[in-house]
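Worksheet: the structure to be examined is printed underneath.
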Amino acid sequence: MGKGLPKRSEDYSQWYNELVKKADLAEHSPVRGCMVIKPYGFSIWEKMQAAIDQMFKDTGHSNAYFPLFVPKSYLSREADHVEGFAKECAVVTHYRLKNAEDGSGVVVDPDARLEEELIVRPTSETVIWNTYKNWIQSYRDLPILLNQWANVVRWEMRTRLFLRTAEFLWQEGHTAHATRQEAIDETHQMLDVYANFAEEWMAMPVIKGVKTESERFPGAVDTYCIEALMQDGKALQSGTSHFLGQNFAKAFDVKFADKEGKLDLVWGTSWGVSTRLMGALIMAHSDDNGLILPPKLAPIQVVIVPIFKTDEQLAAVKEKTAPLMEELKASGVTCKLDDRDTQSPGWKFAEYEMKGVPVRLAVGPRDLENNTVEVARRDTGEKQVVPMEGISSHIRNLLVEMQDSIYQKALDFRSSRTTETDDYESFKQILDEKGGFIMAHWDGTAETEEKIKEETKATIRCIPLNRKEEEGTCIYSGKPSKGRVLFARAY
RNA sequence: CGGGGCGUAGCGCAGUCCGGUUAGCGUACCUGCUUUGGGAGCAGGGGGUCGCAGGUUCGAAUCCUGCCGCCCCGACCA
């Protein structure tokens with residue numbers, strides 16, 4: 001593994017790319033825009049999955065699985081939906097290969113063309129609503145509260161590891177309800193689940209809001225989102241929850257008989273987060289020495305690096321640390337002892353910093369003699385020699401404190417990079433000089449939104465749910481506005 | 001799809017303009033010795049269809065033609 005990372009201040013984007021590779025999270029695959037998620041990266045994703053999955057279960061959802069392929073005709077059933085996704089769909093046209101006659105390899109067998117092409121799902125609303133049609137006849141069949149963990153493909157023109165890949169992993173929840181209000185409540189509930197996950201697990205503060213019409217999910221009535229701020233001052237949409245109204249029920253003819261025997265269309269929601277959250281996690285906290293992981297999502301929370309010259313010294317360190325490891329494991333702390341004699345302690349220090357292991361313990365002859373251990377915390381870089389007595393509870397407290405402190409740091413950063421302005425010139429100046437979130441008045445029209453985007457590359461990330469109602473005038477058009485919206489340049 | 005750049009050892013690169021020893025450097029890898037509290041040192045060693053295909057030439061990584069792939073900028077991006 002090569003040394004060092006580019007500095008964030010010099011080239012943020014290159015810093016990110018290098019970090020992803022050097023922390024052993026992911027790498028490019030032979031296929032353009034796709035990635036190999038490496039074991040360490042995947043183990044972080046698994047921790048995220050486990051936590052989110054539990055939150056889904058706790059809110060009454062079950063997992064299921066629907067197929068990868070969508071018949072082409074399904075996609076066009078909902079007009080906005082096909083409009084939104086058609087340009088980035090991978091299409092399966094044949095089902096067989098054969099040996100080339102000139103011996104150059106295999107070629108597509110022209111006789112094996114599919115009667116109807118299959119789309120590799122960019123999202124599963126269509127397959128799922130087509131299925132729901134068969135499952136729903138009566139109000140007694142409702143609600144249906146399902147989630148699936150899956151891969152989807154969106155043929156993006158430009159990709160970046162985790163942030164935007166042609167194939168990505170995600171979960172997509174799809175629910176069906178008897179009433180409008182119940183579906184709206186579900187939409188909000190899942191938005192809250194995402195926000196809680198982002199803040200409590202990822203230590204990443206987010207703004208909850210609703211998208212403007214132009215940023216809305218194709219086929220949705222309303223799209224809610226959580227928006228996070230990255231260290232370079234750009235926004236990252238980190239999760240979405242859609243109120244679908246009756247749009248997909250209409251497209252797939254999903255009706256139910258209510259208590260009075262009257263037929264009505266079913267109300268729907270869908271919601272998802274993806275491996276993009278990995279990108280968010282990386283960019284929200286990490287520094288020029290590598291990844292910084294909040295303890296709750298760190299696959300290894302504590303690493304012990306023994307300092308030794310001889311086998312006897314190593315054995316003595318192991319004997320000393322064995323009870324500590326037992327104790328930590330018993331209290332749910334993931335702990336690893338790196339006793340390799342093939343790498344120097346300094347190499348290991350750098351390595352675990354790159355990988356974002358929250359707490360590092362170094363134990364050597366000096367410590368054995370004094371009954372101490374050197375404790376280093378990744379987020380601040382602080383090192384402390386502490387007595388072996390009570391070390392286990394010291395570490396547990398430290399992990400809790402770090403989780404909180406990492407969140408607080410991100411929150412402080414966001415506060416310092418959130419600006420209110422009432423003037424278009426200073427709006428542009430803030431974007432160029434400071435970046436971050438800008439709260440400003442907007443007249444509510446798509447035209448104005450588009451103009452601002454063209455001129456500044458900033459988009460309306462969302463209309464925050466908790467914004468205060470206040471009269472104002474649009475920074476661009478000068479027309480009246482009922483409240484501020486959240487602007488930023490975004491990923 | 002438009003503009004720019006790049007394909008040489010696992011990775012990162014020099015050499016290409018101006019053709020000419022055995023294609024080189026860093027790192028990684030292997031062996032040995034000394035080391036080990038912040039990415040160790042020394043010595044030795046292995047690893048190459050120079051993106052692919054043609055052409056020019058006594059001779060091509062280097063010049064010419066065609067093709068392929070990747071990266072960056074733009075367009076695009078629930």
Side-chain angles (χ1 to χ4, degrees), chain A residues 1-6 11 13-14 17-18 21-22 27-34 78 80-89 104 121-126 152-161 163-166 168 170 172 211-220 222-225 236-242 244 270-274 276 289-290 304-311 313-314 317 338-355 360-370 372-376 381 383 385 453-454 457 459 490-491:
Chain A
M1 173 163 305
K3 295 174 188 178
L5 288 174
D11 190 340
S13 160
Q14 207 192 331
N17 292 335
E18 294 273 315
K21 286 176 203 154
K22 287 189 170 151
E27 62 190 34
H28 288 285
S29 82
V31 178
R32 192 199 74 90
C34 294
E78 214 290 329
D80 289 337
H81 194 67
V82 67
E83 164 80 19
F85 285 107
K87 283 173 290 185
E88 52 188 37
C89 283
S104 61
R121 62 182 165 213
T123 179
S124 302
E125 275 78 5
T126 55
V152 288
V153 169
R154 296 179 188 177
W155 214 266
E156 300 287 356
M157 295 187 179
R158 248 166 91 188
T159 58
R160 293 192 70 192
L161 292 172
L163 294 175
R164 179 175 292 111
T165 46
F168 56 93
W170 77 344
E172 45 180 328
K211 287 289 188 191
T212 62
E213 189 181 350
S214 58
E215 299 274 331
R216 194 177 289 157
F217 177 76
D222 274 314
T223 286
Y224 295 85
C225 63
L236 184 71
Q237 178 174 302
S238 306
T240 46
S241 183
H242 314 292
L244 302 176
S270 68
W271 26 273
V273 295
S274 71
R276 174 179 259 200
N289 294 321
I304 301 177
V305 177
I307 314 291
F308 61 98
K309 289 190 173 67
T310 64
D311 288 349
Q313 283 174 336
L314 176 59
V317 170
D338 187 347
D339 62 355
R340 287 178 294 176
D341 62 358
T342 51
Q343 310 292 355
S344 69
W347 191 94
K348 291 176 187 174
F349 292 172
E351 170 80 359
Y352 290 110
E353 266 160 31
M354 187 63 81
K355 290 189 159 188
R360 182 189 73 228
L361 306 179
V363 183
R366 228 154 56 197
D367 301 292
L368 292 180
E369 196 166 316
N370 303 329
T372 56
V373 56
E374 183 193 83
V375 181
K383 284 194 286 194
V385 175
K453 184 180 175 181
E454 271 174 33
K457 291 184 178 172
T459 50
Y491 275 97

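On a predicted model such as this, the values are computed, not experimentally measured, just so you know. Here is how names work: the chains are called A, B, and so on, in the same order as the sequence lines, proteins then strands, and each is numbered from 1.
Every side-chain hydrogen bond (donor to acceptor under 3.5 Å, both in side chains) that A:Tyr491 has, sequence neighbours left out, goes to A:Asp232. Every residue was checked against the side-chain hydrogen bond (donor to acceptor under 3.5 Å, both in side chains) condition with A:Ser238, not counting sequence neighbours, and none meets it. Not a single side-chain hydrogen bond (donor to acceptor under 3.5 Å, both in side chains) links A:Thr165 to another residue, sequence neighbours left out. Residues that satisfy the side-chain hydrogen bond (donor to acceptor under 3.5 Å, both in side chains) test with A:Asp339, not counting sequence neighbours, are A:Lys318. Remark: A:Phe85 pairs with A:His81, A:Phe217 by the ring-ring contact (aromatic ring centres under 6.0 Å, His included) rule, at least two apart or across chains. For A:Phe168, the ring-ring contact (aromatic ring centres under 6.0 Å, His included) partners are A:Trp170, not counting sequence neighbours.
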Show me, pair by pair, the donor-acceptor contacts under 3.5 angstrom made by side chains of residues 360-370 of chain A, not counting sequence neighbours?
from, atom 1, to, atom 2, distance (Å)
A:Arg360, NH1, A:Glu353, OE2, 3.1
A:Asp367, OD1, A:Thr372, OG1, 2.8
A:Asp367, OD2, A:Gly364, N, 2.9
A:Asn370, ND2, A:Arg366, O, 3.1

Pairs under 3.5 Å (N/O, protein and nucleotides 29-36 of chain B):
from, atom 1, to, atom 2, distance (Å)
B:U36, O4, A:Lys309, O, 3.4

Can you check nucleotides 70-74 of chain B for protein contacts, nitrogen or oxygen pairs under 3.5 Å, and list what you find?
from, atom 1, to, atom 2, distance (Å)
B:C73, OP1, A:Arg158, NH2, 3.4
B:C73, OP2, A:Arg158, NE, 3.3
B:C73, OP2, A:Arg158, NH2, 2.0
B:C73, O5', A:Arg158, NH2, 3.3
B:G74, OP1, A:Lys457, NZ, 3.4
B:G74, OP2, A:Arg158, NH1, 3.3

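A gap of 12 Å separates the P atoms of B:C6 and B:C63, to the nearest Å. B:G7 and B:G51: their P atoms are spaced 8 Å apart (whole Å).
The base of B:G37 has none of its N or O atoms less than 3.5 Å from a complementary donor or acceptor on the side chain of A:Lys348.
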